[in-house]
There are 2 protein chains.
Amino acid sequence: MEIGDQIKARRSTLGITQSDLADRSGVSKAMICDVEAGKKNPTIRLLGQIAAGLDCSISALIDADETPRFVPERRDQQRVLVDPENGMERRLLSSALIRRGIEVIQYTYPPGADCGGFPPHHRGTYETAIVIKGQVRMEIGSESITLNEGDAATYAADVVHSAYNLGDSEAVVVYVVDSTRASHPARPAQRDPQAE
Amino acid sequence: MEIGDQIKARRSTLGITQSDLADRSGVSKAMICDVEAGKKNPTIRLLGQIAAGLDCSISALIDADETPRFVPERRDQQRVLVDPENGMERRLLSSALIRRGIEVIQYTYPPGADCGGFPPHHRGTYETAIVIKGQVRMEIGSESITLNEGDAATYAADVVHSAYNLGDSEAVVVYVVDSTRASHPARPAQRDPQAE
DNA sequence: GCATGTTGTTCGCTATAGTATATGTATCCA
DNA sequence: TGGATACATATACTATAGCGAACAACATGC
């Protein structure tokens, strides 16, 4: 979906005309028309004005994607990975949001398992870890913290980070990985400079 | 943080010079210099070239924010809301990501409680619901689905949506709300058109 | 019919984005 | 003292972003 189409789509859902948008954004009517038609290559400043007029972010206009509106993810249909070494289980809970740069993953750590560490993600990646069950020790770069059931933590994941099950029963942790602003974005984020 | 500073910061973390970036992006050296210094108002196309040269998305350059690198969120320190009417509990698990447009919230539904519905979020908002415990019936717009423990679902949350605890014990659901591309973005997303 | 809007498009014109090239200025190394 | 490298700045030029205003297409009305 092209950026002009995105503007046009948002404008029509708001039920406003090009003239209205011109007034609200302070951008000339002619410019609105040309940008929607893909005839002009707007500056970032102008795009910011248009986005403001549309009550949305510039990113929303740039990163247009067609995420399906409803995606059930039954437990028995989830993508599961089990480490044969230590029995650690990894479940992907949100495949639909991956293209938007967000992952939701559930880890189940067997009791006493040494689950190794994760290599650093790209710069700008953040994670939220939520301990659903058990007690885990997390090492994030130089930080180190013990989380009990119900605890959570959010951290920059661009360093080596790891979790260890401290308890004598299995531990369950849900991770929300936000790479929406990371280097080497997961999703195809660049729009091609259209030829003139 | 200004967009030029963001480019400069990412460039230096990559350890490349302005000339290198000019080569990698196909943008003139002089332009790189001026954009970094905030003296030019780049077009979206040029910004795309620069972003490609920096291996990141345009959004990453625009939505610069300083999210703290480590935020523990102990259960007894979490922001909690309890509905006196039906005993429903709401816990905010990730306050640090809110400014990035992502919320992680845990709901605890008492058995048999009618927990009402949620009004539609803004267009472009998506949610992932993960049933940690119990059995809930979810109504999302015209869709309707029963989720058991371990099930998850991702859906566009720009329609009325609600969850009902079907079981005879409490149900726990974790919601990941992604409004990174929504209208009326939660975070201050527009950059001010800087005066020339 | 022909006024009167309303929405979208095209037409000049001016300001400026963007280029290549040259110059200045540090710093570091020989 | 010279010569590399990395960054900043200045100049002259071309392409085009962005504007106001006129224009077309399609409705409505009387």
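Every chain is numbered from 1 and lettered A, B, ... according to where its sequence line falls, protein lines coming before strand lines. As the structure is a prediction and not an experimental result, all values here were calculated from the model.
Phosphate contact (OP1/OP2 of D:dC7, side-chain N/O of B:Arg11, threshold under 4.0 Å): present. A close approach under 4.0 Å does occur between a side-chain nitrogen or oxygen of B:Thr43 and OP1 or OP2 of C:dG18. OP1 and OP2 of C:dA17 both lie 4.0 Å or more from every side-chain N or O belonging to B:Lys39. Under 4.0 angstrom from either OP1 or OP2 of C:dG8 there lies no side-chain N or O belonging to A:Lys8. Residue B:Thr17 places no side-chain N or O under 4.0 Å from the OP1 or OP2 atom of D:dT5.
Rounding to whole angstrom units, CD1 of residue A:Ile44 and P of C:dG18 are separated by 11 Å. Across the protein-nucleic acid pair, B:Ile16 atom CD1 and D:dT5 atom C1' stand 16 Å apart, rounded to whole Å. Straight-line distance from the CG atom of A:Leu46 to the C1' atom of C:dA17: 13 Å, rounded to whole Å. The distance between atom CD of B:Gln49 and atom P of C:dA17, rounded to the nearest whole Å, is 16 Å. Atom CG of B:Leu21 and atom P of D:dA8 are 12 Å apart (whole Å). Atom CZ of A:Arg45 is separated from atom C1' of C:dA17 by 11 Å (rounded to the nearest Å). Atom-to-atom, CD1 of A:Ile50 to P of D:dA17 comes out at 13 Å; the value is rounded to the nearest Å. Regarding B:Lys40, its NZ atom lies at a distance of 13 Å from the C1' atom of D:dA17, rounded to whole Å.
B:Asp34 comes within 4.0 angstrom of nothing in the nucleic acid, heavy atoms only. The residue A:Gln18 sits close to a base: some heavy atom pair falls under 4.0 Å.
Across residues 22-33 of chain A, A:Gly26, A:Val27, A:Ser28, A:Ala30, A:Met31 each have a non-hydrogen atom less than 4.0 Å from an atom of DNA chain D (numbered order).
In this structure B:Glu143 satisfies the salt bridge (charged side-chain N to carboxylate O under 4.0 Å, His left out) test with no other residue, sequence neighbours excluded. With sequence neighbours excluded, the residues satisfying salt bridge (charged side-chain N to carboxylate O under 4.0 Å, His left out) with B:Arg69 are A:Asp158. Applying the salt bridge (charged side-chain N to carboxylate O under 4.0 Å, His left out) rule to B:Arg79 yields no partners; only residues at least two apart in sequence or on another chain are considered. Remark: A:Glu103 pairs with no residue by the salt bridge (charged side-chain N to carboxylate O under 4.0 Å, His left out) rule, at least two apart or across chains.
The shortest side-chain heavy-atom distance between B:Gln78 and B:Leu92 does not fall under the 4.5 Å cut-off.
Applying the ring pair (Phe, Tyr, Trp, His ring centres under 6.0 Å) test to every pair with at least one member in residues 61-108 of chain B, sequence neighbours left out, gives these pairs: B:Tyr107-B:Tyr109, B:Tyr107-B:Phe118, B:Tyr107-B:Tyr175.
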Applying salt bridge (Lys or Arg N to Asp or Glu O under 4.0 Å) to A:Arg75 and B:Asp151, what does each step give before you reach the verdict? CA-CA 5 Å; A:Arg75 183 169 175 87; B:Asp151 292 342; over 6 Å; no
